[in-house]
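Protein chains get the first letters and strands the later ones, always in sequence-line order, with residue 1 at the start of each.
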Amino acid sequence: MYNFKKIEKKWQDYWDNNESFKAITGSEKKPYYILVEFPYPSGSGLHVGHVRSYTAQDALARMKRREGYNVLYPMGWDAFGAPAEQYAIKNHIHPKDAVKENIKTFKGQMKKLGFSFDWSREFSTTDPEYYKWTQWQFLQFYKHGMAYKATVPVNWCPNCKTVLSNEDAAGGVCERCGTSVIQKEKSQWMLKMSAYAEDLLKGLDDTNFKERVKLGQINWIGKSTGVELDVNIVGGGKFSIFTTCIETVYGITFFVIAPDGKLIKELMPRVENKDEVNAYIEETSKKSSMDRTELNKGKTGVEVKGIKAINPINGKEVPIFLGDFVLGDYGTGAVMAVPSHDQRDFEYAKEHNLEMLEVISGGDTTAKAFEKNEYLGKGCKLINSEEFTGMTVEEAKEAITNKLEKEGIARRVNNYKMRDWIFSRQRFWGEPIPMIYCEKCGWVPMEEKDLPLLLPDVAEYEPTDTGESPLAKIESFVNTTCPKCGCPAKRETDTMPNWAGSSWYFLRFMDPHNEKEFASMDAMKYWNRVDWYNGGMEHTARHLLYARFWVQMLYNFDLVPKKEMIWTRVSHGMVLGDNNEKMSKSKGNVINPDDIVNDYGADTLRVYEMFMGDYEQDAPWNTDSLKGCKRFIDRVIRLKEKVTDSEEYSKDLEVIINKSIKKVSYDLTHMAYNTAVSTLMILVNAYDEKETITKADYRVLLDLLNPIAPHITEELNESLGYSPICDRKWPTYDEEKTIDNEIDIAVQVNGKVRDTIRIKKDSSKEELEELALSSDIIQKWITGKEIVKIITVPNRIVNIVIR
RNA sequence: GCCUGAGUGGCGGAAUAGGUAGACGCACAGGACUUAAAAUCCUGCGAGAUUUAACCCUCGUGUCGGUUCAAGUCCGACCUCAGGCACCA
């Protein structure tokens with residue numbers, strides 16, 4: 001039992017006092033920027049899941065430094081947001097104080113784990129010195145027309161009288177009181193993210209994100225290519241629809257328009273069944289945010305009577321319906337319905353007894369629609385489509401589009417699922433939006449010199465019962481003068497979403513104390529980009545997309561040097577409870593890292609979390625396995641008794657040492673931490689079998705283990721009389737010496753392994769075959785059989801094919 | 001429904017380019033040391049058949065097919081689990 005408490009404290013102090021991990025902007029060394037998602041400092045403290053990713057990136061950072069890089073491995077706090085506000089309301093303390101407390105806890109925990117963060121760069125998104133720049137950047141967005149106000153529906157709990165996030169309104173009921181959530185129109189700040197859809201797609205080519213991360217982004221953006229088509233209304237007027245299947249245009253038997261769209265409002269004067277239509281619109285508005293699978297089993301809707309539309313391709317008159325499966329804010333808010341070839345249209349037609357018309361042959365449309373994923377690329381031909389009848393779907397797609405385009409009633413367009421970013425929150429604990437409303441001048445941005453716009457220091461931060469932000473109640477905050485005309489005016493009282501501060505924090509780490517800019521161009525040019533960004537899978541879609549959007553805007557305003565500032569993005573698996581379920585207090589399966597550090601030491605916890613499994617996969621906690629890692633460290637310590645004075649590798653360990661250096665170096669840079677640990681265990685097993693090992697043998701083991709278990713390795717290294725590992729070069733290996741002189745080769749007969757032979761490496765085919773055939777066991781198998789052929793792969797295998 | 005990831009011993013998981021499946025660790029069992037326990041060390045440990053024993057043999061990486069001298073790995077179809085998105089025309 002070694003005194004890990006004393007040793008770990010000693011080295012943590014040493015690193016602190018020597019500023020061992022300080023990153024110097026502008027250093028001659030090559031920069032390398034390693035980033036882990038900064039945590040939300042919750043009241044429950046650091047999670048063992050944090051320890052997993054921070055240790056992994058820490059190991060990479062420690063190794064990269066020793067390879068001669070100027071490593072930036074920073075840490076900070078993402079501390080705005082609802083949980084801190086909620087916690088503060090519950091415990092009657094100011095969120096600011098709660099956050100301060102929590103940060104202290106988190107930081108203390110991180111220090112005890114020995115992470116090599118450059119603490120001199122620490123900041124919190126809630127620091128006025130930081131959010132000043134978040135606000136400043138918002139002003140730039142506004143000035144470039146990227147921020148605007150719009151009326152959008154929000155989730156509203158009529159009982160709690162509060163606005164709810166989508167998460168808090170899951171299932172259509174308020175998470176706190178269980179009341180049904182309704183939709184309420186509210187004027188909100190928006191960022192024009194949809195304008196960047198194409199750029200955000202293209203930008204992925206300039207990143208090294210994991211393929212699944214890229215796919216997540218592509219999916220979220222949701223591009224679809226199709227045709228926008230103008231449709232005339234009988235008796236005047238027209239509207240447009242969007243379709244990706246223009247080849248089915250002859251199959252239109254009706255149109256469906258969105259109950260929440262603009263079109264129905266325009267048509268209203270001509271509607272004959274206004275009451276029915278209005279009732280349906282009303283009904284939809286109530287359920288639009290509710291759990292759709294529950295409420296929208298069938299395809300509800302009503303006919304818009306008195307108005308008919310004309311199919312532009314053949315002049316056929318068809319009815320128009322209202323249906324809530326058509327969304328007001330996607331495409332044009334209206335669709336052409338081809339029940340034979342679209343499942344939703346099919347269901348709607350069945351529900352409302354509408355006509356169906358098949359226009360693509362080769363399918364059966366009695367029970368369900370014959371859809372594009374079934375007919376595309378199969379050579380299916382059009383029917384019932386005038387001059388296009390007989391063409392393949394692919395030919396018809398082009399031909400029909402061309403014809404309609406020539407007539408000037410259709411355009412090729414792209415649509416994106418990604419909407420503009422709703423940027424307002426009716427909360428206290430967020431960055432105030434630096435906008436002022438003046439009766440005369442309208443919305444006026446604050447003067448940049450007046451930033452930061454501070455959150456007022458008050459005792460009241462509970463939400464108002466009108467759905468306004470708590471800030472709305474604070475008159476000293478609200479009342480101001482217009483920066484333009486000087487008249488009395490009111491401040492915006494909404495705050496920014498939690499995502500705001502985390503959309504650019506990685507830039508601030510490059511130059512965290514800059515008072516003149518959010519980060520200097522020089523500093524950003526020096527650090528170049530985030531080389532390696534690690535975070536949770538749950539953030540690879542939204543957070544990463546927001547951050548990229550934010551950076552792309554800054555780039556377009558000449559405020560950052562690159563359009564994509566993040567190069568590699570990886571994500572880690574969760575640490576689950578020992579019952580294989582997500583850790584949660586209610587399940588009673590939470591492991592507190594403090595307890596583990598106390599009982600086993602930080603090094604053991606670090607080794608265990610690296611060893612527990614595939615880094616990108618979830619892994620359950622297992623205390624027995626943790627004990628095994630403690631045993632491993634104890635064995636490393638005990639090896640010291642065998643160390644001789646020699647400064648050279650033992651001859652018979654040379655190969656395994658070189659192999660280990662190669663493997664560990666590779667693994668630590670390829671997220672294969674678990675096999676890095678197992679490699680070191682194998683090395684220790686080899687050392688254990690010997691009576692004595694040399695000082696050099698031992699030293700290289702400590703070198704390789706150091707990134708994962710930094711404290712004990714420094715201590716043992718010091719006891720050998722060496723200077724600290726953190727200041728010395730990463731060991732190198734000799735490729736020549738990574739392969740044994742003699743290797744075992746499997747000999748197969750008809751693909752089944754029957755024997756192994758020991759032979760010098762790089763032996764020729766002939767030598768291999770000769771030795772293989774001379775084996776008694778092999779002879780037993782092949783005697784009396786005809787040898788068809790022998791396949792020999794040097795250094796790998798011999799396979800004798802017999803008949 | 002769609003997208004993504006994953007299915008390998010009792011468990012966590014290995015297997016750079018298709019080439020000895022189960023590395024490494026845990027758990028378990030037996031043994032050594034000890035008055036005893038802990039710690040430590042040694043041995044065994046996918047299933048089955050056979051055998052005094054050893055070797056050897058058969059089967060085995062979610063299922064079913066295929067390609068290949070050779071498949072956990074490649075191809076096709078499917079099943080299960082986890083995560084994300086969900087009426088996006």
Side-chain angles (χ1 to χ4, degrees), chain A residues 1 210-213 215-216 218-220 222-224 226-227 241-245 248 256 258 292-293 296 299 323-327 329-338 342-345 347-348 372-373 415-419 536-538 540-542 571 573-574 576 578 580 582 607-608 611-614 616-629 631-632 634-635 638 662-663 666-667 670 672 674-682 684-685 688 744-756 777 780 788-793 795-802:
Chain A
M1 189 62 160
K210 281 248 156 184
E211 209 48 42
R212 64 170 166 157
V213 174
L215 280 167
I218 290 168
N219 236 295
W220 190 274
K223 177 176 180 173
S224 56
V227 173
I241 58 101
F242 172 71
T243 180
T244 55
C245 306
T248 63
V256 186
R292 298 195 148 159
T293 49
N296 295 8
K299 288 280 180 288
D324 66 4
F325 76 90
V326 178
L327 307 173
D329 61 347
Y330 178 80
T332 61
V335 299
M336 63 181 212
V338 184
D342 182 284
Q343 187 58 26
R344 286 159 310 182
D345 300 347
E347 285 165 24
Y348 196 92
K372 62 177 167 194
N373 56 354
N415 264 310
Y416 304 89
K417 285 193 209 175
M418 189 176 72
R419 315 290 153 96
M537 199 58 211
E538 70 276 18
T540 52
R542 294 183 75 181
S571 52
M574 276 186 295
L576 303 172
D578 57 6
N580 239 308
K582 214 166 162 173
V607 170
Y608 169 61
F611 186 60
M612 72 194 319
D614 182 342
E616 292 185 274
Q617 230 55 59
D618 292 352
W621 181 268
N622 183 322
T623 303
D624 280 328
S625 199
L626 170 90
K627 286 178 189 161
C629 293
R631 219 171 287 161
F632 166 65
D634 287 338
R635 287 177 70 199
R638 244 177 285 126
K662 182 180 178 180
K663 176 86 175 133
Y666 181 89
D667 284 354
H670 291 80
N674 54 339
T675 48
V677 175
S678 79
T679 301
L680 293 169
M681 286 174 169
I682 293 167
V684 166
N685 287 346
D688 244 350
D744 288 318
I745 302 280
V747 182
Q748 300 181 331
V749 176
N750 281 355
K752 286 193 164 43
V753 178
R754 297 302 180 189
D755 197 11
T756 58
I777 298 167
K780 212 174 77 190
V788 180
K789 60 175 161 177
I790 302 179
I791 290 134
T792 307
V793 184
N795 290 336
R796 285 222 180 251
I797 207 151
V798 178
N799 188 11
I800 301 163
V801 186
I802 57 169

Closest listed nucleotide, where the reference is the side chain of [X] and the choices are [options]:
X	options	result
A:L327	B:A89, B:A21, B:U58	B:A89
A:N674	B:C57, B:U4, B:G13	B:G13
A:W220	B:C85, B:G19, B:A14	B:C85
A:S625	B:A89, B:A6, B:G25	B:G25
A:T244	B:U20, B:A14, B:A89	B:A89
A:N219	B:A82, B:C3, B:C24	B:C3
A:D618	B:C87, B:U20, B:A82	B:A82
A:F242	B:C87, B:A89, B:A14	B:A89

Using the [atom1] atom in both, what is the distance from [N] to [M], to the nearest Å?
N	M	atom1	answer
B:C42	B:U35	C1'	23 Å
B:G19	B:A71	P	11 Å
B:U4	B:C74	P	16 Å
B:G66	B:G44	P	40 Å
B:G46	B:A70	P	27 Å
B:C56	B:G48	C1'	14 Å

Q) Is it true that the NZ or CZ of A:K299 lies under 6.0 Å from the centre of A:F325's six-membered ring and within 45 degrees of the ring axis? A)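 So A:K299 does make the cation-pi contact.
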Using a cut-off of less than 4.0 Å, is there contact between a side-chain N or O of [X] and OP1 or OP2 of [N]?
X	N	answer
A:R635	B:U40	no
A:T679	B:C24	no
A:R754	B:U58	yes

Report each atom pair, protein N/O against N/O of nucleotides 75-78 of chain B, whose distance is under 3.5 angstrom.
none

- prompt: If anything within 90° of 0 is syn and all else is anti, what is B:A21?
  reply: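 In terms of base orientation relative to the sugar, B:A21 is anti.
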Polar pairs (N or O, both sides) under 3.5 Å between protein and nucleotides 68-70 of chain B?
from	atom 1	to	atom 2	distance (Å)
B:C69	O2'	A:N799	ND2	3.2
B:C69	O2	A:N799	ND2	2.4

Given RNA chain B, 5'-ward residue of the pair A:A619 and A:A746, judged by closest heavy atom =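 That would be A:A619.
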RNA chain B: 5'-proximal contact among A:N622 and A:R638 (nearest heavy atom) =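 Nearest nucleotide further toward 5': that of A:N622.
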Classify A:M537 by what it touches in the nucleic acid, base, sugar-phosphate, or nothing, heavy-atom distance under 4.0 Å.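 Nothing, no heavy atom under 4.0 Å.
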NA contact type, A:Y666, heavy-atom cut-off 4.0 Å: base, sugar-phosphate, or nothing?
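Answer is base: heavy atoms of A:Y666 come under 4.0 Å of a base.
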Exercise for review: Just do the side chain to side chain donor-acceptor pair (under 3.5 Å) check on A:D667 and A:T675 with the steps written out, would you?
Suggested key: CA-CA 7 Å; A:D667 284 354; A:T675 48; 2.8 Å; yes
- Message: Can you tell me the base-pairing partner of B:A6? Count Watson-Crick or G-U wobble geometry only, both distances below 3.5 Å, and say none if there is no partner.
- Response: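 Checking every strand shown, B:A6 finds its partner in B:U80, with both distances under 3.5 Å.
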Who pairs with B:U51 - Watson-Crick or G-U, where each distance is under 3.5 Å:
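Checking every strand shown, B:U51 finds no partner, since no pair has both distances under 3.5 Å.
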